[in-house]
2 protein chains.
Amino acid sequence: MSGTGKRRSQKERSAETSTRLMNATIDLLHDRGLARTTTPEIARQAGVSRGALTHHFTTREAIISVSVADMLSQTTRDLHRFAEDFIARGGSSDEIVDYIWQMMDDRLFYVTMEYLPEARHNPDFRAELIPTVRDFHAGLDAIWTALAARTGVDPDHTRIVMNATMCLVRGMISQTVLRPNDPAYYQEMLAFWKQQVRQQFPIEAASSQESRRKAGTR
Amino acid sequence: MSGTGKRRSQKERSAETSTRLMNATIDLLHDRGLARTTTPEIARQAGVSRGALTHHFTTREAIISVSVADMLSQTTRDLHRFAEDFIARGGSSDEIVDYIWQMMDDRLFYVTMEYLPEARHNPDFRAELIPTVRDFHAGLDAIWTALAARTGVDPDHTRIVMNATMCLVRGMISQTVLRPNDPAYYQEMLAFWKQQVRQQFPIEAASSQESRRKAGTR
DNA sequence: CATAAGAAACATGCTTGACTGTTTGCAAAA
DNA sequence: TTTTGCAAACAGTCAAGCATGTTTCTTATG
């Protein structure tokens, strides 16, 4: 289907199929929900047979937790890149809030909301996810620490404020499901929060007019 | 009315069975999750037959959405009682944050996390829930408005701060699933937020004695 | 370097189990 | 006696896991 490269190594074949399956899994989690993310659906979405899926992943639980781990590590990488750039050019704290919102609103927390309940009730599944999530949080902490170093704010305080921002945004995203068509609700809340965060980083750089991230709100 | 009375009217029988079924539904949503909240399980938990369930509720979706509506209206009543008492005696803003946390942590948001994903993917189910949730939000707004009147703070601002508190707590609760054994994380965050909220209600507790006299109801 | 043996990747069909919605049967209340 | 509340059996659907069959690549050897 792809590059007409006729002869691919086993590793290449295998890796591509795995990737297709994991991407399909995340797509389905986001678009149709965990309950509808069945192994036949995943295989169909990935364009491979169900046998291929069972060959690569022993159980439904396995492909889901592996796919989630993949998604989270990708998110960590993206966030790390953003942080490096942000620190290098000296952005405003508003930008961070916007970035976090964007990141969560662009599938991350919607996918999270799909597997969290299952993790709560299924000890094996939860046990598989906890290390993954711990890594994610460690990545976040590293970024907050770097941010603190740049702004000169106490690292512990920075961590608390940024983690609170993450939690606020999680709660806001969860609201979008049953509170649609109320953009003011989200707009006002984000504006309020940005102001609060600004007060925590008083020294705020005198630069960065050019940074224009879209503050996507519904 | 209940218990040893052999002869119960149809209405009483019917109402009790309905209530048992709705309570069982919420219990199961909380304890075992939406996917495991099957109609046979609900009937078993309620101690009635599956036929009784289908007699009272036409479909699985129906009993779930009705049960959720019941839970939310009960929560609204409880919160309203708290607010009346709070306003009457003049409490601290810290108390409100604590109450919201307690309320969410005591099943409310765990149950919410169960049905939110389904609502996101199932338009009919979502359509049934949206009015219910709108009522809940209206109830909250009324309480925030009363609170604003008591503290003399701008009602719009109060609403934003309180809604943000709700969202923050929602996000925190969602974290508890895969971030257990980290009490400091939640403790610090709540402490930080209480301090922020305190700053939004600066006049705090100036008039706790006289406002008790004024609002002498209850 | 040509090729055959074997391993890895993939495909298909079957079995079991569970759930939902429906229908039919029956006893207690009106 | 009629209706209401409940119970039990039934039919249709579908996913998960497994077992067996087929293709694609790898490699060792003559």
Side-chain angles (χ1 to χ4, degrees), chain A residues 1-25 28-29 32-67 114-115 118 121-122 124-125 128, chain B residues 1-2 4-22 24-25 28-29 32-67 114-115 118 121-122 124-125 128:
Chain A
M1 275 299 178
S2 50
T4 52
K6 297 229 167 182
R7 219 183 151 77
R8 295 178 303 165
S9 75
Q10 299 269 58
K11 266 190 185 162
E12 282 171 337
R13 272 210 316 163
S14 181
E16 189 190 324
T17 304
S18 281
T19 303
R20 292 171 70 93
L21 283 167
M22 290 190 296
N23 291 342
T25 301
L28 279 175
L29 282 179
R32 319 222 4 224
L34 178 67
R36 296 165 187 82
T37 303
T38 63
T39 48
E41 268 308 305
I42 294 172
R44 181 138 30 111
Q45 172 92 6
V48 304
S49 75
R50 207 168 140 278
L53 189 153
T54 68
H55 176 74
H56 285 278
F57 303 94
T58 55
T59 172
R60 174 176 179 263
E61 227 172 271
I63 187 175
I64 290 173
S65 80
V66 170
S67 301
E114 297 295 331
Y115 65 76
E118 180 62 19
H121 298 291
N122 183 336
D124 293 337
F125 187 57
E128 282 183 287
Chain B
M1 54 155 179
S2 58
T4 53
K6 290 205 170 187
R7 244 182 113 84
R8 295 180 302 167
S9 76
Q10 298 272 57
K11 265 190 186 164
E12 282 171 336
R13 275 214 310 168
S14 182
E16 189 190 324
T17 304
S18 280
T19 302
R20 291 172 70 92
L21 284 166
M22 290 190 295
T25 302
L28 279 174
L29 282 178
R32 319 223 2 224
L34 178 67
R36 295 166 187 82
T37 303
T38 63
T39 49
E41 268 306 305
I42 294 173
R44 188 141 58 96
Q45 173 92 7
V48 302
S49 76
R50 211 172 87 73
L53 189 152
T54 67
H55 175 74
H56 286 277
F57 304 93
T58 56
T59 171
R60 175 178 180 261
E61 227 172 271
I63 188 176
I64 291 173
S65 79
V66 170
S67 301
E114 296 296 332
Y115 65 76
E118 181 61 20
H121 298 291
N122 183 337
D124 292 338
F125 186 58
E128 282 183 287

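In this text, all values refer to a predicted model and were calculated from it rather than measured experimentally. Below, chains carry the letters A, B, ... as their sequence lines are ordered, and counting in each starts from 1.
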Worksheet item: Does E118(B) have any side-chain hydrogen bond (donor to acceptor under 3.5 Å, both in side chains) partners at least two apart in sequence or in another chain, and if so, which?
Response: R36(A), N122(B)

Item to complete: Could I get the full list of salt bridge (charged side-chain N to carboxylate O under 4.0 Å, His left out) partners for R60(B), not counting sequence neighbours?
Response: none

Worksheet item: Which residue pairs pass the salt bridge (charged side-chain N to carboxylate O under 4.0 Å, His left out) test with at least one member in residues 37-48 of chain A, sequence neighbours excluded?
Response: R32(A)-E41(A), E41(A)-R44(A)

Fill in: Gap between atoms CZ and P, on F125(A) and dA16(D) respectively (whole Å)
13 Å

Worksheet item: Which heavy atom of F125(A) sits nearest a heavy atom of Y115(A), and at what distance?
Response: CE2-O, 3.8 Å

Worksheet, complete the sentence: Residues at least two apart in sequence or cross-chain that pass side-chain contact (heavy atoms from CB on, under 4.5 Å) with T59(A), listed by chain then number, are E61(A), A62(A)

Response to the item:
Those residues at least two apart in sequence (or on a different chain) that pass side-chain hydrogen bond (donor to acceptor under 3.5 Å, both in side chains) with S65(B) are E128(B)

Practice prompt. For A46(B), check side-chain contact (heavy atoms from CB on, under 4.5 Å) against everything at least two apart and list the hits.
Written response: R20(B), L21(B), A24(B), V48(B)

Worksheet item: Base, sugar-phosphate alone, or nothing: which one does T59(B) contact when heavy atoms must sit under 4.0 Å apart?
Response: sugar-phosphate

Worksheet item: To the nearest angstrom, how far is E16(A) atom CD from dT24(D) atom P?
Response: 15 Å

Fill in: Annotated protein contacts, base or backbone, on nucleotides 5-10 of chain D with a non-hydrogen cut-off under 4.0 Å, one of B, S, - each
BBB---

Can you list, pair by pair, the side-chain donor-acceptor contacts under 3.5 Å of residues 50-58 of chain A, counting residues two or more places apart and other chains?
| residue | atom | partner | partner atom | Å |
| --- | --- | --- | --- | --- |
| R50(A) | NE | T39(A) | OG1 | 3.3 |
| T54(A) | OG1 | G51(A) | O | 2.9 |
| H56(A) | ND1 | S18(A) | OG | 3.2 |

Response to the item:
Sorted by number, residues from residues 33-41 of chain A placing a heavy atom under 4.0 Å from DNA chain D are T38(A), T39(A), P40(A)

